[in-house]
Amino acid sequence: MHALFSLQEIETLVTPRSVRGCTEATLTGIAALKDAAPGDISFLGNPKYKADVAASKASLILVPADYDAEPAAGQCLLLVDNPSAALAKLCARLEQRLWPRPAAGIHPSAIVDPTAKIAADATVGPLCVIEAGVTVGARTHVQAQAYLGRDVVVGEDCWFLPGVKIYNECVVRDRVRLHAGVVIGSDGFGYEFNAGRHEKVPQVGNVVVESDVEIGANTTIDRARFSRTVIGEGTKIDNLVQIGHNVLVGKHCLLCSQVGISGSTTLGDYVVLGGQVGVAGHLHIAKGTKAGGQTGIGADTQPGSYINGSPALPYMLERRITVLRERIPGLFRQVDTLQRELAELKKSSAS
Amino acid sequence: MHALFSLQEIETLVTPRSVRGCTEATLTGIAALKDAAPGDISFLGNPKYKADVAASKASLILVPADYDAEPAAGQCLLLVDNPSAALAKLCARLEQRLWPRPAAGIHPSAIVDPTAKIAADATVGPLCVIEAGVTVGARTHVQAQAYLGRDVVVGEDCWFLPGVKIYNECVVRDRVRLHAGVVIGSDGFGYEFNAGRHEKVPQVGNVVVESDVEIGANTTIDRARFSRTVIGEGTKIDNLVQIGHNVLVGKHCLLCSQVGISGSTTLGDYVVLGGQVGVAGHLHIAKGTKAGGQTGIGADTQPGSYINGSPALPYMLERRITVLRERIPGLFRQVDTLQRELAELKKSSAS
Amino acid sequence: MHALFSLQEIETLVTPRSVRGCTEATLTGIAALKDAAPGDISFLGNPKYKADVAASKASLILVPADYDAEPAAGQCLLLVDNPSAALAKLCARLEQRLWPRPAAGIHPSAIVDPTAKIAADATVGPLCVIEAGVTVGARTHVQAQAYLGRDVVVGEDCWFLPGVKIYNECVVRDRVRLHAGVVIGSDGFGYEFNAGRHEKVPQVGNVVVESDVEIGANTTIDRARFSRTVIGEGTKIDNLVQIGHNVLVGKHCLLCSQVGISGSTTLGDYVVLGGQVGVAGHLHIAKGTKAGGQTGIGADTQPGSYINGSPALPYMLERRITVLRERIPGLFRQVDTLQRELAELKKSSAS
């Protein structure tokens with residue numbers, strides 16, 4: 001394992017108020033206080049875990065300026081104003097190293113149509129295929145093995161991880177990050193049943209991904225039947241999510257992994273869907289709706305509603321029903337007992 | 001935005017009985033009556049939305065021949081026999097433009113084994129890999145970055161979007177459309193537990209995709225343990241669906257997004273599974289079975305049954321239980337009240 | 001169809017105690033007794049299916065040494081000590097043919113950074129991209145169109161099917177099989193909400209896939225926020241599974257298709273999750289936990305627990321509730337009847 005940081009680098013990055021103790025360890029990782037091993041950097045981000053500092057095996061710990069205990073032998077405490085912010089600085093530095101700014105230019109192995117307009121300071125990785133009429137904006141980085149179909153428009157400062165596939169005529173605006181294996185613009189699932197066969201309904205719209213969107217690995221977004229499927233500005237989508245044709249996703253939504261949204265549904269802004277949520281077609285999910293994991297949404301929602309369960313109910317009601325669910329076998333027994341007692345009582349009062 | 005159509009082109013395509021009003025707008029999109037903006041084409045497909053025509057901002061609207069109102073200023077109404085059919089003609093024309101017939105031939109960057117037999121009028125896109133013994137039929141179009149493993153057989157008039165992966169010895173018949181990222185022929189999930197470890201069971205069958213099938217983006221279909229996994233003729237599969245080993249899917253089925261079918265299950269013809277439906281292994285889902293979204297199917301079904309819920313119940317029963325579910329907290333209270341009242345009554349009748 | 005085996009080959013592979021009857025058919029497939037057609041090989045793996053042998057259309061059947069009936073005309077019975085083991089030998093032979101050992105070396109179309117260290121007896125397929133600092137161990141086979149990011153470490157005897165994508169700095173140990181479209185090391189889904197926008201939390205850890213792991217097609221595994229996401233030794237993961245950031249999966253687990261595990265959850269060894277199971281974040285799923293398909297796990301589990309349902313309950317309790325679920329409409333009626341009868345009784349005893 002190579003060193004993540006020298007002690008000097010860390011001190012330069014986080015400018016501690018003071019340093020307590022010292023370590024000879026090579027700093028090779030970052031870990032939570034409880035999980036840390038010698039060589040790890042850790043941090044006390046929340047005062048309620050203060051007791052974990054003393055027990056931690058981390059070699060270097062970022063602690064608040066008012067932390068009052070001594071380090072273990074071979075352990076170094078850096079007293080800083082805000083340990084979480086200090087850690088974020090270290091992570092930001094690691095991020096720069098993990099993803100250094102690539103050199104501009106088109107890799108010689110990429111197959112780029114001569115009519116494509118690639119910004120001079122954009123980067124196109126090896127074995128990409130870029131079809132006729134494509135536009136790629138300034139500083140955008142398209143990693144290896146991507147496919148940009150005819151007349152695709154990509155804005156500035158985007159970053160496509162390896163193997164992204166974008167179908168003809170789709171539009172991706174600025175600062176969009178697409179992870180490996182993302183498919184944008186596949187056909188919507190539309191057929192008409194005729195004489196015993198499903199006949200394809202042409203899917204001739206496109207997909208527009210607005211600025212500041214991030215889309216997770218192997219997620220798929222279908223093109224509209226006509227007009228557009230839209231992912232609103234600032235929305236973040238996790239891995240293996242499915243967005244059907246003509247769906248309109250609002251701004252700043254969060255769609256967790258394996259969510260599926262059926263065709264022509266609209267999501268307002270700030271909608272949050274937990275993992276594996278399914279949404280039926282032609283619905284309106286109002287602004288600020290939140291749904292827990294595996295929720296099945298089959299009806300429109302009210303703004304700011306918090307729902308759960310399949311089919312979805314208001315969160316508190318669903319929780320109550322869930323608690324009672326365990327008591328249902330007892331309820332059946334209770335009712336049977338009541339019935340028996342009532343029958344006896346009737347008999348005795350008749351006699 | 002460039003023009004989709006000139007007014008002349010549209011008139012040529014839909015041959016209206018008459019034209020009412022006129023528009024100077026460049027026609028750049030297609031949208032539903034309510035969603036349309038100036039520059040959009042729209043249509044009155046269903047008479048019940050007739051009132052939406054007057055309020056629509058579309059610049060050109062396809063209306064039935066008996067439509068009796070006047071257009072707004074700068075709006076053009078085309079009176080046609082069947083507005084939906086007229087729109088379909090426009091979409092078909094757009095589809096031709098979106099996906100022009102590619103030139104036949106093998107892109108020089110494709111890696112094609114000399115023993116592969118590629119039809120002279122087939123198209124193999126850039127950076128494809130085609131292994132030994134592969135056959136690709138007439139007019140088939142394999143887009144960029146596909147992988148066809150050893151001895152794969154592909155029929156005529158197929159269309160593979162970019163990045164499709166087909167493992168060795170799998171068979172795809174005629175007029176099959178595979179979307180980006182589809183994987184055909186990955187190993188079935190089969191292990192034997194032995195001495196604390198899962199030992200792999202060889203997966204040596206293949207996958208056969210019959211004619212007129214369409215398979216959505218990033219869907220995966222596992223090869224059989226032995227013999228074949230089959231997708232029946234005319235079946236349509238959406239994105240991110242999983243088909244296990246030795247599954248036999250009948251003809252003309254519809255499998256919506258994120259459906260998962262476990263190993264050795266068979267589906268009869270005309271089965272329809274909603275989004276995120278899960279089917280256990282070794283079942284028989286009878287002809288014409290329909291299941292709503294998120295249904296969990298753990299038992300065989302009867303022909304033509306309509307089921308819902310997890311685990312699945314007949315649709316009407318499941319609906320009734322779902323409605324009652326909200327009243328369960330009240331039922332508990334009601335039973336407790338009954339119990340108390342009965343106890344009092346017993347006490348008073350004993351006294 | 002070409003012959004899978006000649007009769008001589010089969011006899012050499014399974015060394016039967018004796019042979020009864022004979023067949024002229026070309027042996028082209030393997031199938032279960034009931035499904036077999038002429039030309040198929042079949043086997044009696046479980047004595048309870050003995051009656052199926054007589055009805056089977058298979059041309060050659062592996063039967064136990066004590067099997068006492070005669071073959072049909074044109075049918076050949078091979079009497080062996082263990083028909084299942086004999087079949088496994090045939091399948092193992094087919095597997096060698098399906099996947100012959102590739103020649104060592106780097107395909108000339110692969111783009112390999114000069115600083116990458118590829119073992120001399122490893123195989124790198126066409127159109128792979130291998131970035132700076134990558135290590136690929138002995139006998140590892142990387143099939144076509146894979147992407148190995150900067151400083152990725154791959155051990156010995158691994159096999160990556162076409163189109164695998166591994167992000168920078170991830171580690172894959174020995175004998176790991178990754179299927180087509182697998183993504184290892186995509187960013188975890190982590191944002192902080194600030195001034196109405198989701199700001200990205202850097203994801204600077206990596207993924208470590210321990211030895212003897214197999215991962216199914218189009219499955220995605222996110223890198224840690226910091227430190228590591230780990231897939232434990234011997235664990236098998238099916239297609240389209242999502243593993244969130246900082247998840248620690250134990251040894252010898254089985255995760256079926258479309259499972260989703262949220263961030264920072266840990267799984268003990270020998271955990272088995274059925275298809276489409278969802279697990280919330282920051283949980284501990286104890287050693288040997290088993291969950292049925294579509295289970296929703298929102299709380300820690302006890303070692304060896306068997307759970308089912310969404311949200312999860314102990315298996316037997318959940319089964320009982322599921323059976324009672326169908327009787328809930330009747331329970332409502334029963335309680336209403338009781339209430340009416342009780343009211344009448346009260347009235348009559350008051351009079």
Next item on the list: Find the one option among B:V241, B:T219, B:D151, B:L331 whose heavy-atom pairs under 4.5 Å with chain C are most numerous.
Entry: B:L331
Notebook entry, point to check: Is it the side chain or the backbone of B:V164 that comes within 4.5 Å of chain C heavy atoms, both, or neither?
Noted result: neither
Item checked: Distance-only polar pair, side chains of C:N218 and B:Q242, donor-acceptor under 3.5 Å -> no
Notebook entry, point to check: Can you tell which of B:E341, B:Q276, B:Q294, B:K200 has the highest number of heavy-atom pairs within less than 4.5 Å of chain C?
Noted result: B:K200
Notebook entry, point to check: Which region of B:A110, side chain (C-beta onward) or backbone (N, CA, C, O), has a non-hydrogen atom less than 4.5 Å from a non-hydrogen atom of chain C, or is it both or neither?
Noted result: neither
Margin query: Does any backbone or side-chain atom of B:S262 lie under 4.5 Å from a heavy atom of chain C? Answer side chain, backbone, both or neither.
Written below: neither
Checklist line | Interchain contact, B:R228 with chain C, by part (heavy-atom threshold 4.5 Å) | finding: neither
Next item on the list: Under 4.5 Å, counting heavy-atom pairs only, tell me which of C:A92, C:S257, C:G234 racks up the most with chain B.
Entry: C:S257
Notebook entry, point to check: Hey, which of C:L255, C:N239, C:L254 is the one that makes side-chain contact (heavy atoms from CB on, under 4.5 Å) with B:F189?
Noted result: C:L254
Check: Which distance, rounded to the nearest 0.5 Å, do you find between the OG of B:S186 and the CD1 of C:I215?
Finding: 13.5 Å
Note to self: What part of B:L317 gets within 4.5 angstrom of chain C, counting heavy atoms only: side chain, backbone, both, or neither?
What the structure shows: side chain
Check: How many angstroms lie between atom CD1 of C:I41 and atom OG of B:S227, to the nearest 0.5 angstrom?
Finding: 12.0 Å
Item checked: Residue among C:T322, C:I328, C:V335 with most heavy-atom pairs under 4.5 Å to chain B -> C:V335
Item checked: Options B:P314, B:G260, B:A224, ranked by heavy-atom pairs under 4.5 Å with chain C, top entry -> B:G260
Notebook entry, point to check: Between B:E318 and chain C, which part of the residue has a heavy atom less than 4.5 Å away: side chain, backbone, both or neither?
Noted result: side chain
Notebook entry, point to check: Any donor-acceptor pair under 3.5 Å linking the side chain of C:Q258 with the backbone of B:L240?
Noted result: yes
Margin query: So, taking the atom named CZ in B:R225 and the one named SG in C:C91, what distance separates them when rounded to the nearest 0.5 Å?
Written below: 6.0 Å
Margin query: If I take atom CZ from residue C:R325 and atom CG from residue B:L324, how far apart are they, to the nearest 0.5 angstrom?
Written below: 12.0 Å
Next item on the list: Identify which part of B:N246 has an atom lying under 4.5 Å from any heavy atom of chain C, answering side chain, backbone, both or neither.
Entry: neither
Next item on the list: Could you look at B:R197 and say if it's the side chain, the backbone, both or neither that has a heavy atom under 4.5 Å from chain C?
Entry: both
Margin query: If I measure from the heavy atoms of chain C, does B:I111 come under 4.5 Å with its side chain, its backbone, both, or neither?
Written below: side chain
Checklist line | chain C contact via B:Y147 - which portion, at a heavy-atom distance below 4.5 Å | finding: both
Checklist line | Residue among C:L345, C:L94, C:L127 with most heavy-atom pairs under 4.5 Å to chain B | finding: C:L127
Next item on the list: Please state whether the side chain, the backbone, both or neither of B:V153 comes within less than 4.5 Å of a heavy atom of chain C.
Entry: neither
Notebook entry, point to check: What option among B:A280, B:G298, B:G188, B:P311 has the most heavy-atom pairs under 4.5 Å with chain C?
Noted result: B:P311
Check: Which residue out of C:Q145, C:K251, C:H179, C:E95 racks up the most heavy-atom pairs below 4.5 Å with chain B?
Finding: C:Q145
Note to self: Using heavy-atom distances under 4.5 Å, tell me whether B:E169 contacts chain C through its side chain, its backbone, both, or neither.
What the structure shows: side chain
